[in-house]
Structure formats: structure tokens, C-alpha cells
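Notes follow once the structure below has been shown.
Protein chains get the first letters and strands the later ones, always in sequence-line order, with residue 1 at the start of each. What you are looking at is a predicted structure, and each value in this text was computed from that prediction instead of being measured. Scope of the values below: all heavy atoms of this structure, side chains included, with no hydrogens, waters or symmetry mates.
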2 protein chains.
Amino acid sequence: MRNRKAGYACKHCPVETTLDIIGGKWKGVILYHLMNKTCRFNEMRRLMPGISQRMLTLQLRELEKDGVIHREVYPVVPPKTEYSLTAFGETLKPIIQEMKRWGDRYEHHQEQQLEDVDQNKA
Amino acid sequence: MRNRKAGYACKHCPVETTLDIIGGKWKGVILYHLMNKTCRFNEMRRLMPGISQRMLTLQLRELEKDGVIHREVYPVVPPKTEYSLTAFGETLKPIIQEMKRWGDRYEHHQEQQLEDVDQNKA
DNA sequence: CAGAATCCGTGGAGATACTG
DNA sequence: CAGTATCTCCACGGATTCTG
């Protein structure tokens with residue numbers, strides 16, 4: 001999000017505060033992947049085929065600026081950069097985990113419906 | 001979000017699936033308020049001073065289309081419309097609650113820092 | 001490999017006015 | 001009160017090219 005108006009959430013709604021940090025279009029997914037393991041740049045691109053290189057960079061920079069992720073650059077050739085969650089970023093895990101749980105159940109629900117249609121149960 | 005590409009999430013990442021439903025800029029906040037109580041249109045506007053009337057309408061329509069909220073129109077004068085969570089929408093509560101919890105703690109953390117600065121502890 | 005820089009189109013979103 | 005309709009603008013984000 002970052003653009004919910006100059007930093008302060010109106011009536012300091014806590015959900016709005018949270019969305020100011022993880023509300024970016026791809027931030028949830030990025031955090032989800034970094035929860036499992038430290039990742040390199042192109043590795044993340046492969047994990048998220050839908051995001052452009054430019055967007056990935058921008059979102060990573062914002063997350064870094066907010067102290068959620070850490071960016072470790074190794075001065076080698078060819079370049080190597082690793083992204084990982086900071087301790088602060090770890091505190092967001094419960095949110096992402098709930099999102100994963102919900103998404104999993106929703107997908108199963110969808111599959112179920114498709115099967116029903118296939119078998120003319122619907 | 002709704003625009004993560006024609007309906008199917010890549011590699012069906014569950015977090016992406018979830019964000020397709022609640023990833024809209026204001027959807028989290030809307031759901032948060034509807035968790036507490038059924039709300040009328042202008043009531044919600046007051047709860048969210050940052051959102052424009054147009055945006056509120058659009059986000060509500062998307063949530064309705066996705067089956068997350070219910071819109072009850074009473075044929076009276078002046079008009080009265082009430083928004084509430086559907087049973088399906090209720091299943092999103094754990095996510096929003098985690099967001100609220102995190103936002104609350106984050107705000108306290110911020111306050112703490114401000115106090116420290118005030119008292120030159122920092 | 002991990003980006004930065006540039007160009008450019010689209011639609012996200014504000015402001016305003018109108019209506020049942 | 002609870003919206004719709006229209007006009008408008010800018011920044012979000014894609015595609016492409018260049019670099020250490």
C-alpha cells in the first residue's frame with residue numbers, strides 16, 4: 001500500500017496499519033516464499049511467474065525499507081544476493097500462515113465443485 | 001487483486017489464491033469493520049475516512065461478487081442498505097484477526113519508540 | 001546473475017454532478 | 001441515503017535495453 005496517506009492510518013485502524021506494510025500487490029506471496037527459505041533473486045522470479053522483474057525489485061525494496069526482509073549481497077562474480085526474513089518479518093508469519101490455510105481450503109473447495117460438475121452431481 | 005491474470009493462480013500458490021479474494025486495496029479494512037457488525041453504506045464511509053465513495057462502492061461490489069459479503073437493500077425512503085459477512089466471509093475472520101493483532105502490537109511498538117525519543121532515552 | 005534506466009500504455013482512483 | 005455517470009490524471013506496472 002504505502003500510499004494510504006502520508007504514513008498515519010486514519011482512526012489508527014490496526015488492520016490498516018498492517019496493510020500499510022504487507023498490502024502491496026505481491027508482498028504476501030513474497031513473504032510466503034521467504035518463510036520457507038532464504039531465496040535468491042531469480043529463484044523468486046521462478047517461484048512467481050506472474051510478477052515482472054521490475055515489480056519484484058520494487059516490492060523487495062519496500063519490504064527491505066520497512067525492515068521486514070534482509071538483503072545480503074555477496075561481492076562475487078557472478079553476483080549473488082540472498083533475501084531472508086528479519087526477526088521483525090518473522091512476526092508476520094501468523095498472518096501469512098492463515099492466508100495459506102485459507103487458500104488451501106478454498107482450492108479444495110473449488111476442486112470439489114469441479115468434480116461434482118464432472119459427475120453431474122450438481 | 002482480481003487482476004493477477006485470468007482467474008488461476010500460477011503454480012496455485014495458496015497465498016496468491018487468498019489475495020485474489022481479499023487483496024484489494026481496502027478489502028481487509030472493510031472486512032474488519034463488517035466482522036464487528038452489519039454496516040450501512042455511509043456508516044462505512046465514516047469508519048474509513050481515507051476511501052472515496054466510488055472506491056468503497058467498487059470494493060463492496062467485488063466482495064459481493066466473490067460471495068464474501070451480503071448486500072441487503074430495504075425498499076424504503078430514504079434508502080437503506082446493509083452490508084454483512086456471509087458464512088463464507090466468516091471463514092476469513094482468522095486472517096483479519098491476525099492482521100488486527102499484528103497491527104495493534106506494531107502500533108504499541110511505535111508509541112514506545114516515540115516515548116523513548118521524547119524522554120531522550122534513545 | 002541481479003539489477004538500473006528508460007519509455008510508454010492502461011486503468012486505478014479522485015472530483016464533481018446527478019438520481020431514485 | 002446510497003448510490004451511478006462522466007471526466008480526468010497520474011502512477012502502477014509491463015516491455016525492453018543496458019551494466020557491473
Q) How does protein reach along nucleotides 1-6 of chain C, written 5' to 3' as B (base within reach of a heavy atom under 4.0 Å), S (only sugar-phosphate), or - (no contact)? A) BSBB-B
Can you tell me the distance, in whole Å, between the [atom1] atom of [X] and the [atom2] atom of [N]?
X       : N      : atom1 : atom2 : answer
A/Ile51 : D/dA15 : CD1   : P     : 13 Å
B/Met55 : D/dA5  : CE    : P     : 15 Å
A/Glu62 : D/dC12 : CD    : P     : 9 Å
A/Lys25 : C/dG11 : NZ    : P     : 11 Å
A/Leu56 : D/dG13 : CG    : P     : 13 Å
A/Met48 : D/dG14 : CE    : P     : 12 Å

**Q.** Donor-acceptor under 3.5 Å (B/Thr38 side chain, B/Leu34 main chain)
**A.**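 The answer is no, because no donor-acceptor pair under 3.5 Å joins these two groups.
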Output a table of donor-acceptor pairs, distance under 3.5 Å, between side-chain atoms of residues 68-80 of chain B and any protein atom two or more places apart or on a different chain; print 'none' if there are none.
{"from": "B/His70", "atom 1": "NE2", "to": "B/Glu72", "atom 2": "OE1", "distance (Å)": "2.8"}
{"from": "B/Arg71", "atom 1": "NE", "to": "B/Tyr83", "atom 2": "OH", "distance (Å)": "3.4"}
{"from": "B/Tyr74", "atom 1": "OH", "to": "B/Glu82", "atom 2": "OE1", "distance (Å)": "3.2"}

**Q.** From B/Leu92 atom CG to A/Tyr106 atom OH, the distance as rounded to the nearest 0.5 Å
**A.**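 Reported value, rounded in 0.5 Å steps: 10.0 Å.
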Q.
Run the side chain to side chain contact (heavy atoms under 4.5 Å, CB included) test against B/Glu98 and tell me which residues pass, sequence neighbours left out.
A.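 If we apply the side chain to side chain contact (heavy atoms under 4.5 Å, CB included) test to B/Glu98, skipping adjacent residues, the hits are A/Pro94, A/Ile95, A/Glu98, B/Arg101.
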Q. Side chain to side chain contact (heavy atoms under 4.5 Å, CB included) with A/Met35: which residues, sequence neighbours excluded?
A.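 Expected list: A/Leu85, A/Lys93, A/Ile96, A/Gln97.
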Q.
Tell me every residue that passes salt bridge (charged side-chain N to carboxylate O under 4.0 Å, His left out) with B/Glu43, counting only those two or more places apart in sequence or in another chain.
A.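 If we apply the salt bridge (charged side-chain N to carboxylate O under 4.0 Å, His left out) test to B/Glu43, skipping adjacent residues, the hits are B/Lys37.
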Q) Which atoms form the tightest heavy-atom contact between B/Gln59 and B/Lys25, and what is the distance? A)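 Result for this residue pair: OE1-N, 3.6 Å.
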Q: State which residue, out of B/Thr18, B/Thr91, B/Thr17, fulfils the side chain to side chain donor-acceptor pair (under 3.5 Å) condition with A/Trp102.
A: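 So the option named by the test is B/Thr91.
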Q) So what is the end-to-end bend of the helix from C/dC1-D/dG20 to C/dG20-D/dC1, with 5 pairs used at each end and the value given to 10 degrees? A)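 Result, rounded to 10 degrees: 60°.
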